[in-house]
Amino acid sequence: MTTPILETERLVLRAPDATDFEPLCALMADEEVARFIGGVQSPALAWRSLCGIVGHWQLRGYGFFSVIEKESGQWLGRIGPWYPHGWPQPEIGWTINRASWGKGYATEAAGACMDYVFDTLGWDSVIHLIHADNRGSQAVAARLGSSNSGEEVEVPGFGILVDVWGQSADDWRASRKQVKADPR
């Protein structure tokens, strides 16, 4: 299976591979990063997570991309379309290492993923499952033009209640130029 490579001004979004394991372990060992996505993971669980992401690509034909900063070649996190069993509908989710917070990377990469799911995969709408206390992810979703639907759901398998944010493909197409002009 050939996975696409998406590029933005500062980022390359590519298929995850074994070289992502060590930075993923560091990401998932950071309590602040992991607190809204199920908590800290041991290396054994991070390995299973990486394998789950790779498997998602195989089973669904899409999944989280590894986000690479062009200038440094550094792995920054994972962002992309995601639809595990039990999810209310397909999502674009994001997790970026803490050193990269506040630089607009999540919005920039998620915007490229929005284009991908609407223009290539043909999705009609997208959601983002965001914990009510996760102000950073709420800000990213708002910059993307998504809004809180007022619906709360439990993340299957995690027992975490989250708010459902999202937007339609038509809403994205109407606002995407503004998002791309200022990802921060």
Side-chain angles (χ1 to χ4, degrees), residues 1-6 11-69 72-101 103 105-114 116-117 121 123 126-138 140-141 144 153-166:
M1 175 181 158
T2 303
T3 55
I5 295 174
L6 308 180
L11 306 171
V12 173
L13 283 66
R14 61 151 174 82
D17 64 35
T19 66
D20 302 335
F21 177 61
E22 292 300 326
L24 178 64
C25 284
L27 179 89
M28 294 310 298
D30 186 321
E31 289 182 24
E32 187 67 18
V33 170
R35 74 183 189 144
F36 296 120
I37 57 170
V40 169
Q41 290 183 351
S42 67
L45 290 178
W47 176 257
R48 290 182 187 131
S49 176
L50 178 60
C51 291
I53 293 167
V54 171
H56 191 283
W57 272 102
Q58 292 296 313
L59 295 173
R60 297 257 193 230
Y62 59 85
F64 280 127
F65 291 94
S66 288
V67 180
I68 311 299
E69 183 184 46
S72 68
Q74 180 183 359
W75 186 92
L76 304 180
R78 59 187 186 187
I79 293 180
W82 186 240
Y83 191 29
H85 174 77
W87 248 236
Q89 77 178 68
E91 170 184 34
I92 289 180
W94 48 82
T95 308
I96 295 289
N97 66 40
R98 192 168 4 156
S100 300
W101 289 1
K103 298 179 181 178
Y105 292 134
T107 305
E108 186 174 330
C113 291
M114 298 282 275
Y116 174 68
V117 302
L121 298 180
W123 291 7
V126 69
I127 62 168
H128 321 289
L129 300 181
I130 303 174
H131 192 280
D133 296 332
N134 189 342
R135 303 289 181 240
S137 282
Q138 291 169 10
V140 170
L144 292 169
V153 298
E154 183 176 329
V155 178
F158 289 90
I160 301 169
L161 292 175
V162 292
D163 296 328
V164 179
W165 288 66

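A donor-acceptor pair under 3.5 Å is absent between the side-chain atoms of Trp87 and the main chain of Pro156, judged by distance alone. Panel note: side chain Gln89, backbone Tyr83; no donor-acceptor pair is recorded below 3.5 Å. In this structure, Asp30 contributes its side chain and Leu27 its backbone to no donor-acceptor pair below 3.5 Å.
Going from atom CG of Asn97 over to atom CD of Glu69 covers 9.5 Å, rounded to the nearest 0.5 Å. Atom OG1 of residue Thr107 and atom CE of residue Met114 lie 10.5 Å apart, to the nearest 0.5 angstrom. Atom CG of Asp20 is separated from atom OG of Ser66 by 3.5 Å, given to the nearest 0.5 angstrom. Atom CD1 of Ile68 is separated from atom OH of Tyr105 by 12.0 Å, given to the nearest 0.5 angstrom. In this structure, Phe158 CZ and Phe36 CZ are separated by 15.0 Å, a value rounded to the nearest 0.5 Å. Ile160 CD1 to His131 NE2: the interatomic distance, rounded to the nearest 0.5 Å, is 7.0 Å.
Among all heavy-atom pairs drawn from Pro81 and Cys113, the shortest one is CD-SG, 4.4 Å. Ser49 and Gln41 make their closest contact through CB-OE1, 3.8 Å (heavy atoms, listed as atom of the first residue, atom of the second, distance). For Ser100 against Leu76, the heavy-atom pair with the smallest separation is OG-CD2, 3.3 Å. The minimum heavy-atom distance between Ala106 and Val140, with the atom names listed, is CB-CG2, 4.0 Å.
Side-chain contact check for Tyr116 versus Leu6: some heavy-atom pair is nearer than 4.5 Å. Taking the side chain as every heavy atom from C-beta outward, Cys25 and Trp47 never approach each other to under 4.5 Å. Side-chain contact between Lys103 and Ile96 is absent, with no heavy atoms from C-beta onward closer than 4.5 Å. Taking the side chain as every heavy atom from C-beta outward, Arg78 and Ile53 approach each other to under 4.5 Å. Taking 4.5 Å as the limit, some side-chain heavy atom of His128 sits within range of a side-chain heavy atom of Ile92. Annotation: side chain of Leu144 is in contact with side chain of Trp94 (closest heavy-atom distance under 4.5 Å). The side-chain heavy atoms of Leu129 and Val164, taken from C-beta on, include a pair separated by under 4.5 Å. Side chains of Phe64 and His56 form no contact here, defined as non-hydrogen atoms less than 4.5 Å apart.
For Phe21 and Trp75, the ring centers sit 6.0 Å or farther from each other. For Trp123 and Tyr62, the gap between ring centers is short of 6.0 Å.
Within a 6.0 Å radius of CD in Glu31, other residues, nucleotides and ligands contribute 12 heavy atoms or fewer.
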Audit row: Leu50, Met28, side-chain contact (heavy atoms from CB on, under 4.5 Å) steps and yes/no: CA-CA 11 Å; Leu50 178 60; Met28 294 310 298; over 6 Å; no
side-chain contact (heavy atoms from CB on, under 4.5 Å) evaluation trace for Ser42 with Leu45: CA-CA 5 Å; Ser42 67; Leu45 290 178; 3.7 Å; yes
